[in-house]
2 protein chains.
Amino acid sequence: MKRINTTHFAILGLLRIKPMSAYELVKFSKESIGLFWNESYGHIHKSIKNLETEGDVEIVEESATGRKKIVYGVTAQGRERLDSWLTLPPEESVMRNELLMKIFVSEEHQIPQLVDFLQAELASAEELTAVLAGIKASIPAGADRQSRLWLLTLDYGERYLQMTIDWCRHALDTLNQSNEEG
Amino acid sequence: MKRINTTHFAILGLLRIKPMSAYELVKFSKESIGLFWNESYGHIHKSIKNLETEGDVEIVEESATGRKKIVYGVTAQGRERLDSWLTLPPEESVMRNELLMKIFVSEEHQIPQLVDFLQAELASAEELTAVLAGIKASIPAGADRQSRLWLLTLDYGERYLQMTIDWCRHALDTLNQSNEEG
DNA sequence: ACATAATATATCTTTCGGATATATAATAAA
DNA sequence: TTTATTATATATCCGAAAGATATATTATGT
């Protein structure tokens with residue numbers, strides 16, 4: 001079975017929302033779906049060129065004067081391909097959580113450094129929660145259907161971060177206890 | 001800055017728990033840290049050979065007769081490198097959740113297929129929860145310090161799945177409502 | 001007896017990540 | 001005012017990672 005370049009479809013999906021340059025696309029991707037969908041600049045850049053060659057995206061605006069900037073948009077063919085891909089059941093989600101992996105392979109004498117990592121993780125999750133709250137506040141209350149879907153992904157982010165915070169606190173409690181017990 | 005092959009250290013960490021063949025290693029990885037740490041066979045196979053060349057792992061057992069099987073173990077040098085890597089702060093966790101991405105880039109008329117995907121996701125999270133419960137029951141109550149670390153990662157898995165289940169139910173409620181409203 | 005599933009190693013290609021180079025415009029600091 | 005830094009912007013390279021596939025043996029189920 002031929003492997004699917006999912007980055008292709010992520011790009012089509014985001015460009016359908018609004019035409020963007022590669023640079024803007026990377027930024028928008030990070031700010032909108034970045035919490036649960038990782039994309040790298042190198043890969044996006046390569047993919048967007050492939051998509052252009054295949055006729056799924058096209059240049060809709062190019063500033064010849066001043067700072068160069070190439071804005072891409074989705075073609076009719078690209079829209080069709082995207083919709084067709086969206087009907088396929090999603091692949092299982094993959095995660096690479098280095099903190100969790102380190103905890104699993106650590107030994108007892110390494111617990112103090114794990115505590116440091118957990119505190120940092122807790123702090124960063126709390127910070128991000130505040131950022132999400134700000135984003136949520138900026139979405140109008142009388143949400144149309146499209147923003148209802150976005151709110152669902154935002155809600156996932158909030159729950160994910162809260163789960164992380166709760167677990168970090170639990171882990172810190174546990175590790176501090178076992179430290180005292182010696 | 002030179003990039004780090006984290007698979008190398010995941011392998012060292014797991015092989016330190018017990019010597020294994022490449023095949024067993026992949027299985028063990030999936031069953032122990034698979035929920036939050038993704039590894040592929042192709043990459044593990046290549047990495048284990050690199051590690052052998054560099055002297056971080058060694059063959060500890062090889063069945064010449066019958067079915068061929070090569071069991072690897074961590075060398076003293078490998079243990080040192082692992083411990084040194086464990087002191088570094090973990091990289092930010094990365095995720096690729098295709099379901100969430102599809103929800104973000106979908107349009108209103110695609111909501112019915114999203115409902116199907118959410119139901120499948122809910123069912124699979126519920127199944128996995130049962131599997132984790134079985135694993136937890138098999139760990140003795142008077143846990144030593146090592147298994148206390150493992151319990152923490154298991155606890156993370158439980159919370160992650162519960163969060164997923166709660167969110168799926170919320171999403172299904174929301175989408176069914178907006179369907180009725182038309 | 002036969003088919004199927006589990007065990008086991010090996011290889012190949014494509015996808016993906018991220019470091020780095022280069023250049024311009026806007027902003028902050030000296 | 002000049003200088004330094006940050007944000008915007010494209011492009012390329014290479015190593016890490018994913019996963020499809022080939023091959024062979026040993027259990028297990030029908």
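Each chain gets a letter, A, B and so on, in the order the sequences are listed, and its residues count up from 1.
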key: Pairing of A:Asp83 and A:Arg79 as salt bridge, 4.0 angstrom limit   = no
Atom-to-atom span, CE of A:Met20 to C1' of D:dT10 - whole angstrom = 17 Å
query = Using a cut-off of less than 4.0 Å, is there contact between a side-chain N or O of B:Tyr23 and OP1 or OP2 of C:dT9?
reply = no
request  = Decide, yes or no, whether a salt bridge links A:Arg96 with B:Glu39 under the criterion of side-chain N to carboxylate O below 4.0 Å.
outcome  = yes
task = Please state whether the phosphate of C:dT7, meaning OP1 or OP2, lies under 4.0 angstrom from any side-chain nitrogen or oxygen of B:Lys27.
result = yes
inquiry  = Measure CD/A:Glu98 against C1'/D:dA17 and give the value in whole Å, please.
reply    = 14 Å
task = Using a 4.0 Å heavy-atom cut-off, write out nucleotides 10-17 of chain C from 5' to 3' as B (base contacted by protein), S (sugar-phosphate only) or - (no contact).
result = BB-BBSBB
remark   = A:Ile59 CD1 to D:dT10 P, in whole Å, measures 10 Å
query = Starting at CG of B:Asn50 and ending at C1' of D:dA17, how long is that distance when rounded to a whole Å?
reply = 13 Å
ask   = For the residue pair B:Tyr156 and A:Trp167, does the interplanar ring angle fall in the parallel (under 30°), tilted (30 to 60°) or perpendicular (over 60°) class?
value = perpendicular
B:Glu91 CD - C:dG18 P separation (whole Å) = 7 Å
query = Once you round it to whole Å, what is the distance between C1' of C:dT9 and CD of B:Glu52?
reply = 13 Å
ask   = Is the shortest distance from a Lys or Arg side-chain nitrogen in B:Glu24 or B:Lys18 to a carboxylate oxygen in the other one below 4.0 Å?
value = no
ask   = Is the A:Tyr160 ring parallel, tilted or perpendicular to the B:Tyr160 ring (thresholds 30°, 60°)?
value = perpendicular
query = Regarding A:Gln177 and A:Asp173, is there a side-chain donor-to-acceptor distance under 3.5 Å anywhere?
reply = no
